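Step one of this worksheet: look at the structure below.
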There are 2 protein chains.
Amino acid sequence: MVPVKKYREVDENLVRQKEAAFADFIQRKGLKTTRQRNTIIATFFRLRGHISVEELLNQVKQVNPRIGYATVYRTLHLLVESSLVEERRFGDGLARYEGHSDVEHHDHMICLECGEIFEFFNPRLEALQESLAEENNFQIFRHRLELYGACKDKEACNRRKARGNTAAGAE
Amino acid sequence: MVPVKKYREVDENLVRQKEAAFADFIQRKGLKTTRQRNTIIATFFRLRGHISVEELLNQVKQVNPRIGYATVYRTLHLLVESSLVEERRFGDGLARYEGHSDVEHHDHMICLECGEIFEFFNPRLEALQESLAEENNFQIFRHRLELYGACKDKEACNRRKARGNTAAGAE
DNA sequence: TGGATTACGAAAACTGTTTTCATTTTCGGC
DNA sequence: GCCGAAAATGAAAACAGTTTTCGTAATCCA
């Protein structure tokens, strides 16, 4: 009913598809293909979850240490513009980037203990929002729903916390 | 059913009550009462809506021009700590502050045209979230739901836009 | 009322992000 | 394959919002 998506293994075919889609986008816009951008998107699409700029840059630097913040930021903007990636902000002041998952839209539960971010989708929720908007003479373009709280599975949660999960920390 | 709260007139009694509550809080914490803080909270509680720091400072300066950003920020932190005020961030990078309305919790619809922020509350929505969390073995502490879109009442919307509404602008 | 404590205000520092600018790279046309 | 216009890069500076610092001033309990 409410499939919380656990991070799947990164599907190499899907990644290739996205790289191709981005190449397309670049071409359509009359922009140029560069080694740096390729490195950045290849790295990004092979990471899972909700990636901050710093996390991405760290990974990217392992491939090409000369790439800096500016290029990463610029490439992420292009990725967002191309609709291949979404920008999210949870309460910690960092922008995080999320390669589209299979579920077109989804919401988030954020554990304030271990930092894990769970994704979920529920059609009744969407429908209810629609009807509330309707009642108020309002047209929804997009929405954002975040549930902040704690995992009830304390073992798993503590394990993640110990591992030093990287995600939207306590606000 | 879904009462979108339009800004009510500021209830002077309620304001006094909040001022008293804040004084209490200050005392309990062993802090000191100062003219500047009094000015700031008196001003804040008499403003309606979702106030940014700059908006508040502008108002405050009309009473005492020597008050600066630092004191406003510090006072707002105290207000949040005292639970008399909530901090919110819509997509425009500014923190906004909201004196508790009568409705304990509520969500927001943000018009990207005119900037108006509507508040609403719906128990079915709350219940649905609870049950989703339950299903996922997750305990909600708090949540945030924002619907971004546009007013359908175009006349009112344009009027507000012309007036240069101050609110979470386009992201 | 003295004196420890807290608050103030201006300015500097900080953080995440964007822009600038001089240099390098890409790529369509020859 | 090479030219040259256009775009991209990287380092550093700029920026915006917010926080901290630091010397001075106000508060308030004994």
Side-chain angles (χ1 to χ4, degrees), chain A residues 22-41 43 50-58 60-61 63-82 85 87-97 166-169 171, chain B residues 22-43 50-58 60-61 63-82 85 87-97 166-171:
Chain A
F22 186 68
D24 250 46
F25 170 80
I26 289 296
Q27 189 133 31
R28 252 181 295 122
K29 287 213 67 174
L31 303 180
K32 292 173 178 170
T33 304
T34 70
R35 187 162 314 149
Q36 291 90 330
R37 288 217 270 245
N38 287 343
T39 301
I40 292 167
I41 67 157
T43 304
H50 303 76
I51 315 295
S52 71
V53 174
E54 199 180 358
E55 284 161 10
L56 179 55
L57 181 61
N58 286 342
V60 162
K61 273 190 181 299
V63 180
N64 179 350
R66 312 212 34 230
I67 294 179
Y69 272 105
T71 305
V72 169
Y73 272 108
R74 286 190 276 232
T75 304
L76 282 169
H77 290 332
L78 288 172
L79 281 167
V80 169
E81 198 188 333
S82 75
V85 164
E87 180 179 318
R88 307 218 174 252
R89 290 168 185 275
F90 305 106
D92 63 354
L94 297 201
R96 288 171 186 281
Y97 295 87
T166 148
E171 263 177 291
Chain B
F22 186 68
D24 250 46
F25 170 79
I26 289 296
Q27 188 134 31
R28 252 182 294 121
K29 286 211 67 173
L31 303 181
K32 291 175 179 171
T33 304
T34 70
R35 186 162 317 149
Q36 291 92 330
R37 288 216 272 244
N38 287 342
T39 301
I40 292 167
I41 68 157
T43 304
H50 302 76
I51 316 295
S52 71
V53 174
E54 200 181 357
E55 284 161 11
L56 179 54
L57 181 60
N58 286 343
V60 162
K61 272 190 182 301
V63 180
N64 178 351
R66 313 212 36 230
I67 295 180
Y69 273 104
T71 304
V72 170
Y73 273 109
R74 286 188 276 232
T75 305
L76 282 169
H77 290 331
L78 288 171
L79 282 167
V80 170
E81 199 188 330
S82 74
V85 165
E87 181 179 318
R88 308 218 174 250
R89 288 167 186 275
F90 306 106
D92 64 353
L94 298 201
R96 287 171 187 282
Y97 296 87
T166 147
E171 260 178 292

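Heavy-atom basis, side chains included; hydrogens, waters and symmetry copies ignored. Numbered from 1 within each chain, the chains take letters A, B, ... in sequence-line order. Here the structure is a predicted model, which means the values were calculated and not measured.
Between the CD1 atom of A:Ile26 and the C1' atom of C:dT26 there is a distance of 12 Å, rounded to whole Å. Rounded to an integer number of Å, the gap from B:Leu56 CG to D:dT18 C1' is 15 Å. Here the P atom of nucleotide D:dG17 and the CG atom of B:Leu57 are 13 Å apart, to the nearest Å. If you take CZ of A:Arg96 and P of C:dG16, they are 11 Å apart, rounded to a whole angstrom. The distance from atom CG of A:Asn64 to atom P of D:dT9 is 11 Å, rounded to the nearest whole Å. Going from atom OH of A:Tyr73 over to atom C1' of D:dG10 covers 15 Å, rounded to whole Å. The distance from atom CG of B:Asn58 to atom P of D:dG17 is 12 Å, rounded to the nearest whole Å. In this entry the distance linking CZ of B:Arg28 with P of D:dC28 reads 16 Å, nearest Å.
How far CZ of A:Arg35 is from CG of A:Asn64: 8.5 Å, rounded to the nearest 0.5 Å. Note that CG of A:Leu57 and CG of A:Leu76 are 10.0 Å apart. Values are rounded to the nearest 0.5 Å. The distance from the CD1 atom of A:Ile51 to the CG atom of A:Asn58 is 11.5 Å, given to the nearest 0.5 Å. For the atom pair CD1 of A:Ile67 and OG1 of A:Thr39, the computed distance is 4.5 Å after rounding to the nearest 0.5 Å.
The side chain of A:Leu94 sits closest to C:dG16 out of C:dT6, D:dC28, C:dG16. Proximity note for A:Arg89 (side chain, C-beta onward) versus C:dT17, D:dT18, C:dT18: the nearest is C:dT17. Closest to the side chain of A:Arg66, from the set C:dG9, D:dA6, D:dA11, is D:dA11. In this structure, of D:dA6, D:dT18, C:dA10, it is D:dA6 that holds the atom nearest to the side chain of A:Lys32. Proximity note for B:Gln36 (side chain, C-beta onward) versus C:dC27, D:dT18, C:dG9: the nearest is C:dG9. In this structure, of D:dT9, C:dA10, D:dT19, it is D:dT9 that holds the atom nearest to the side chain of A:Arg74. Side-chain proximity of A:Thr34 to the nucleotides D:dA8, C:dT17, D:dT27 is greatest for D:dA8. Checking C:dA7, C:dT17, D:dA6 against the side-chain heavy atoms of B:Leu31 singles out C:dA7 as nearest. Minimum atom distance to the side chain of A:Arg35 is reached by C:dT26, of the listed C:dA7, C:dT26, D:dG10.
Side-chain atoms of B:Arg37 never come within 3.5 Å of backbone atoms of B:Ala23 as a donor-acceptor pair (strictly under, hydrogens ignored).
Taking only side-chain nitrogens and oxygens, A:Thr71 never comes nearer than 4.0 Å to OP1 or OP2 of D:dA8. The shortest distance between the side-chain N/O atoms of A:His77 and the OP1/OP2 oxygens of C:dT17 is not below 4.0 Å.
Each of B:Lys29 and A:Ala70 lies near DNA chain C, and the nucleotide nearest B:Lys29 is the one positioned closer to the 5' end.
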